[in-house]
Amino acid sequence: MVTAEFAVTIPAVIIVLSLAIGSIHYVSAHGDACHAARVFAREITAGVDSATAKASAHHAITSPLVISATDDGRFTIVTAQITSGFLHLPTPRCTLRTIREERYR
């Protein structure tokens, strides 16, 4: 026979487990976004063209990715965002700012 305590406990455990799995997925996707941003920034600051750098960033991770860079003269600002959502969590984004090498300009 199922008691009232058991009937309340099972949904609570399922909700907590779902939140834990979603959090792990989000943290993992954020790490992927930062890794892709680092790869892209490293190649851009080394003088590689944008298309090749984007290809390298896409090859570095398996998640769908949107990546962009802006150059304000001295700094290059790279933003990478994972485009797949899980459990309606916000999409992970990572922004890096790096000094552009003068010798590659």
Next on the checklist: Working to the nearest 0.5 angstrom, can you tell me the gap between Ile10 CD1 and Ile14 CD1?
Outcome noted: 6.5 Å
Checklist outcome for this item: Looking only at heavy atoms, the pair that brings Pro92 and Ala29 closest together is CG-CB, 3.4 Å
Checklist entry - Where is the tightest heavy-atom contact between Leu96 and Cys34, given as atom of each residue plus distance? => result CD1-O, 4.4 Å
Next on the checklist: Taking the side chain as everything from C-beta on, heavy atoms only, tell me whether Ile61 gets closer than 4.5 Å to Ile82.
Outcome noted: yes
Next on the checklist: Looking at every non-hydrogen atom in both residues, tell me the closest pair between Ala37 and Val78 and how far apart they are.
Outcome noted: O-CG1, 3.9 Å
Item to check | Minimal non-hydrogen separation, Arg74 against Asp71, with atom names | outcome: N-OD1, 4.5 Å
Checklist entry - So, do Val39 and His35 sit near enough that their side-chain heavy atoms are less than 4.5 Å apart? => result yes
Checklist outcome for this item: Nearest heavy-atom contact between Thr98 and Ala41 is CG2-CB, 4.2 Å
Next on the checklist: Just so I know, are the side chains of His30 and Val27 near enough to count as touching, which here means a heavy-atom distance under 4.5 Å?
Outcome noted: no
Next on the checklist: Using 0.5 Å steps for rounding, measure from the CD1 atom of Ile44 to the CG atom of Asp49.
Outcome noted: 7.5 Å
Checklist entry - Roughly how far, to the nearest 0.5 Å, is the CD1 atom of Ile24 from the OG atom of Ser28? => result 9.5 Å
Checklist entry - How many angstroms lie between atom CD of Gln81 and atom OG1 of Thr95, to the nearest 0.5 angstrom? => result 9.0 Å
Checklist entry - When rounded to the nearest 0.5 angstrom, what distance separates CD1 in Ile99 from CZ in Arg97? => result 8.0 Å
Checklist entry - Is any side-chain heavy atom of Thr83 less than 4.5 Å from a side-chain heavy atom of Thr91? => result no
Checklist outcome for this item: Given the options Ile67, Thr45, Leu65, Phe40 meets side chain to side chain contact (heavy atoms under 4.5 Å, CB included) only with Ile67
